[in-house]
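What follows is a set of notes on a single structure, which appears directly below.
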Amino acid sequence: MKVSKDMLIGELLRIDAGFAPILMEAGMHCIGCPSAQGESLEEAAFVHGIDVDELLEAINDYAQILQ
């Protein structure tokens, strides 16, 4: 599985709840918020001042162990 910048946070969390700690450690503490569920990773990273490429690297590192 390869996660992209345009993937929705809600979609990512439905695939595996293990993505939640990665998002929270990056500074996205509102992942349970209804509006956050419809945001893409890129949109949420921008709003929170997070480098989306660094976040994607951590997420995709975790996604590799799911396969």
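Note that the coordinates shown come from a computational prediction; the quantities given were computed from them, not determined experimentally.
Evaluation of the side chain to side chain donor-acceptor pair (under 3.5 Å) test over residues 8-28, restricted to residues two or more places apart or in two chains, returns Asp16-Tyr62. Applying the ring-ring contact (aromatic ring centres under 6.0 Å, His included) test to pairs two or more places apart or on separate chains, none has a residue in residues 31-53.
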>> side chain to side chain contact (heavy atoms under 4.5 Å, CB included) for Leu13 and Leu23? Distances and angles first, verdict last.
In response: CA-CA 10 Å; Leu13 294 174; Leu23 295 169; 4.2 Å; yes

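Asp53 meets the salt bridge (charged side-chain N to carboxylate O under 4.0 Å, His left out) test with Lys5; sequence neighbours excluded. Residues that satisfy the side-chain contact (heavy atoms from CB on, under 4.5 Å) test with Glu43, not counting sequence neighbours, are Glu39, Ser40. Residues that satisfy the side-chain contact (heavy atoms from CB on, under 4.5 Å) test with Ala58, not counting sequence neighbours, are Ile22. By the side-chain hydrogen bond (donor to acceptor under 3.5 Å, both in side chains) test, Asp61 pairs with no residue at all, sequence neighbours left out.
Heavy-atom minimum distance, Phe19 versus Leu12: CD1-O, 3.4 Å. Heavy-atom minimum distance, Ile9 versus Leu41: CG1-CD2, 4.1 Å. Closest approach of Pro21 to Gly18, counting heavy atoms only: CD-O, 3.2 Å. Closest of all the heavy-atom pairs between Gln37 and Leu8 is O-CB, 3.9 Å. In terms of heavy-atom proximity, Val52 sits nearest to Glu42 at CG2-CA, 3.8 Å.
For the atom pair CE of Met24 and CD1 of Ile31, the computed distance is 5.5 Å after rounding to the nearest 0.5 Å. Interatomic distance, CG of Asn60 versus CG of Leu55, reported as 9.5 Å (0.5 Å rounding). How far NZ of Lys2 is from CD1 of Ile59: 11.0 Å, rounded to the nearest 0.5 Å.
Judged by distance alone, the side chain of Asp51 and the main-chain N or O of Glu54 form a donor-acceptor pair under 3.5 Å.
Connection of Ile15 to Val3 is established within a shared hydrophobic cluster, with ILVMFWY side chains joined at heavy-atom distances below 4.5 Å, either directly or through further cluster members.
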